[in-house]
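First comes the structure, then the notes that go with it.
Convention: sequence-line order gives letters A, B, ...; per-chain numbering from 1.
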There are 2 protein chains.
Amino acid sequence: MASDTQPTPVSAKTPVTLREVATLAGVSVATASKALNGQGRMTAETRERIRETAQRLGFRPNSLAQSLLRRRSFTVGLLTNDTYGRFSLPVMSGISDALVDKGVSVFLCNVEDDQRLGQLHVDAMLDKRVDGIIATGKRIDRHLPVDLANLRIPVIYAFTQPDPGAIAFVSDDAGGARLAVEHFCRLGRCRIAHVTGPASFAVVHARAQAYRDVLTEKGLPVMVPLLGSWSEAWGHEAVKQLFDGKLSKSGGEKPDAVFCGNDQIARGVIDALRERGLDVPDDVGVIGFDNWQIVAEATRPPLTSVDMNLAALGREAGLTLLSLVGGEPAQPGIRKLPCRLVVRQSCGRPPGG
Amino acid sequence: MASDTQPTPVSAKTPVTLREVATLAGVSVATASKALNGQGRMTAETRERIRETAQRLGFRPNSLAQSLLRRRSFTVGLLTNDTYGRFSLPVMSGISDALVDKGVSVFLCNVEDDQRLGQLHVDAMLDKRVDGIIATGKRIDRHLPVDLANLRIPVIYAFTQPDPGAIAFVSDDAGGARLAVEHFCRLGRCRIAHVTGPASFAVVHARAQAYRDVLTEKGLPVMVPLLGSWSEAWGHEAVKQLFDGKLSKSGGEKPDAVFCGNDQIARGVIDALRERGLDVPDDVGVIGFDNWQIVAEATRPPLTSVDMNLAALGREAGLTLLSLVGGEPAQPGIRKLPCRLVVRQSCGRPPGG
DNA sequence: TCCTTCTGAGAAAACCTTTTCCCAAACCAC
DNA sequence: GTGGTTTGGGAAAAGGTTTTCTCAGAAGGA
């Protein structure tokens with residue numbers, strides 16, 4: 001039993017409609033609608049009576065009916081192929097953050113890498129009259145297995161390969177790499193190696209080029225980036241290659257810093273260095289990429305890493321989609337969002353510090 | 001330009017309506033509707049003509065209109081507080097798998113641990129007339145910050161604390177623990193330790209009790225479970241406690257197996273054992289929990305771990321929700337779904353094998 | 001008193017589909 | 001030819017809301 005000091009919203013089996021509110025308030029549905037939406041003209045008394053009645057009955061307008069009429073469903077679709085994604089999940093989270101306050105709900109569709117599944121989801125969303133679609137994925141240089149090119153609703157790409165002429169948000173990988181390498185330089189490291197993933201990833205080249213650029217600008221020696229897999233095991237193997245003198249003839253030229261293409265490689269590198277008796281960060285500094293918190297904080301010492309700000313990226317994507325839905329124009333093109341360096345202990349401190 | 005050997009679905013600015021199809025086919029909307037839905041009676045020729053017209057125009061019925069009429073939106077809400085969740089993500093994936101083929105789309109709502117946000121999302125979903133709601137989370141013994149008790153639509157709980165009298169699916173943690181400990185027994189290990197998370201987690205007690213039960217049944221010595229945090233660091237620390245003789249007086253009584261409460265602890269344990277010169281699995285076997293693939297496969301050797309089958313759990317939850325929506329009755333209560341042991345190399349092989 | 005101008009509120013159309021009921025024509029048997 | 005049945009298809013209501021148009025009555029001015 002509800003206390004009767006409070007208005008008790010009747011928990012009816014079936015939702016309260018505007019018609020019921022109108023009847024109880026002794027007005028027409030038209031007037032009721034206008035009263036609740038602050039439209040139309042009526043005495044303050046009438047408006048208040050209707051409001052009160054609606055409140056008492058716990059009236060909430062049926063979104064389906066509204067959407068049908070307004071041709072706007074306050075719903076967007078989020079397409080991804082990153083099922084267990086540590087990349088697309090922060091993106092999603094950012095999107096959701098940006099939209100929930102505006103009353104927009106998000107359909108999450110995992111399309112794996114399956115064309116049929118993709119079409120199924122897109123059709124379902126179109127049928128449900130989503131206001132727009134955001135496509136996201138697990139890497140920046142692969143297209144989702146769906147064709148979003150000629151939809152009649154706005155589409156935004158976030159952390160996935162866009163269609164030409166579309167609007168996309170991606171991380172600035174080159175900028176992120178610069179952040180890491182420049183940080184090493186500032187700390188006085190001068191023999192900086194780069195251990196990263198397979199050549200099939202565009203980001204590998206972007207980051208490696210930035211690595212080379214920074215070192216060249218500073219007049220420091222450029223070592224050839226070691227390409228492998230995105231795994232701890234490759235981190236171990238790379239340390240072997242770097243420190244077993246196969247690459248550098250003279251013993252003195254071993255690296256004093258390693259910039260890694262992701263946090264798992266960095267983890268492998270750190271473990272391998274420790275096993276060789278090399279101290280991190282005193283002998284060798286290490287910086288990772290992705291700032292995958294659970295990995296970065298578990299390494300010993302905790303890993304300095306480049307964060308791609310994926311949540312912010314998602315937020316931007318969400319807001320931009322909304323403005324597009326609202327009819328505002330937007331320049332097509334790829335917008336690169338800056339990364340940031342999260343400094344922990346694996347990179348060392350400045351000489352004076 | 002589309003080839004003209006194929007029917008070219010006109011990419012109109014505005015969606016094609018049934019009325020347009022009807023007009024073009026020279027019939028009424030009623031007849032058109034019946035033709036496309038296989039209802040009503042008409043000549044085969046008429047039906048075919050209408051179908052063809054619809055096909056040619058690329059007609060797809062407006063889900064909003066259908067939902068409004070049918071009082072069924074083919075939409076469900078998924079509530080979670082596991083933003084970066086490695087638990088709720090597999091669950092979601094299972095749910096989505098189960099529902100996509102039935103044309104059901106899923107609203108993903110991350111409510112963090114915020115009541116206001118939770119209410120916001122629930123209200124939005126209710127307004128949008130979802131057919132049902134699934135609640136999931138990051139742990140089994142915490143309730144989401146929302147009240148789903150007296151909704152007028154079905155609610156299912158999956159991997160989160162249910163309201164009393166509700167339907168819930170959770171993992172059988174005790175069963176999973178048994179799997180691990182019994183596996184050790186089968187391999188001939190007889191001094192099995194248990195290193196797990198904090199006492200504030202219900203699963204810690206469930207698994208510890210199962211651990212004790214199995215050992216008691218087998219007549220093996222029960223060591224007091226070591227409770228700590230869910231971290232690698234605790235794995236290291238626990239090895240120190242186990243092998244520095246503080247617990248067992250005689251040197252011979254050191255464990256030959258460690259059953260860990262999650263994979264991160266197991267990772268820490270394995271690393272710590274190796275650093276002590278103990279071989280895994282020859283000297284000490286290790287089994288983890290969660291089967292978090294990216295961790296389990298990166299440990300050296302790869303980690304045997306208990307998998308909670310979360311995707312299957314999600315699938316069950318999705319299917320059950322659907323049958324509830326369809327009006328079929330279901331027993332309230334908590335259903336525990338079995339775990340499975342994923343054997344890799346950290347636990348050793350049978351003596352004869 | 002008559003005409004105009006507000007004012008408050010209702011009727012109805014619109015959004016799009018489904019479904020029930022109904023009707024006219026055709027067909028059949030007698 | 002008549003009464004009954006089948007057949008093919010349409011009209012209209014329903015679902016819940018918003019918005020435009022309309023209208024009756026009151027107020028104001030002459």
**Asked** Distance-only, no hydrogens or angles: does the A:T136 side chain make a donor-acceptor pair with backbone N or O of A:A158 under 3.5 Å?
**Response** yes

**Prompt:** Hey, do the aromatic rings of B:F159 and B:F169 have their centres closer than 6.0 Å?
**Reply:** no

**Message:** Can you give me the closest heavy-atom contact between B:I50 and B:A25, atom names plus distance?
**Reply:** CG1-CB, 4.0 Å

**Complete:** Once base and sugar-phosphate atoms are separated, protein heavy atoms under 4.0 Å mark nucleotides 16-23 of chain C, 5' to 3', with B, S and - as BBBBB---

**Request:** Using the test side-chain contact (heavy atoms from CB on, under 4.5 Å), find all partners of B:D82 that sit at least two apart in sequence or belong to another chain.
**Result:** B:T80, B:F87, B:S88, B:K138

Let me know the distance between [atom1] of [X] and [atom2] of [N], rounded to the nearest Å.
| X | N | atom1 | atom2 | answer |
| --- | --- | --- | --- | --- |
| A:R47 | C:dG8 | CZ | C1' | 11 Å |
| B:D127 | D:dT17 | CG | C1' | 13 Å |
| B:E48 | D:dG9 | CD | C1' | 18 Å |
| A:I50 | D:dT17 | CD1 | C1' | 15 Å |

**Fill in**
By nearest-heavy-atom nucleotide on DNA chain D, the more 5' of B:L64 and B:T43 is B:T43

**Prompt:** Contact class for A:S67 vs. all strands (heavy atom < 4.0 Å): base, sugar-phosphate, or nothing?
**Reply:** nothing

**Asked** side-chain contact (heavy atoms from CB on, under 4.5 Å) between B:K336 and B:V170: does it pass, once the steps are laid out?
**Response** CA-CA 5 Å; B:K336 293 194 178 177; B:V170 299; 3.8 Å; yes

**side-chain contact (heavy atoms from CB on, under 4.5 Å) between B:L148 and B:D163, intermediate numbers included** = CA-CA 8 Å; B:L148 303 174; B:D163 285 306; 4.3 Å; yes

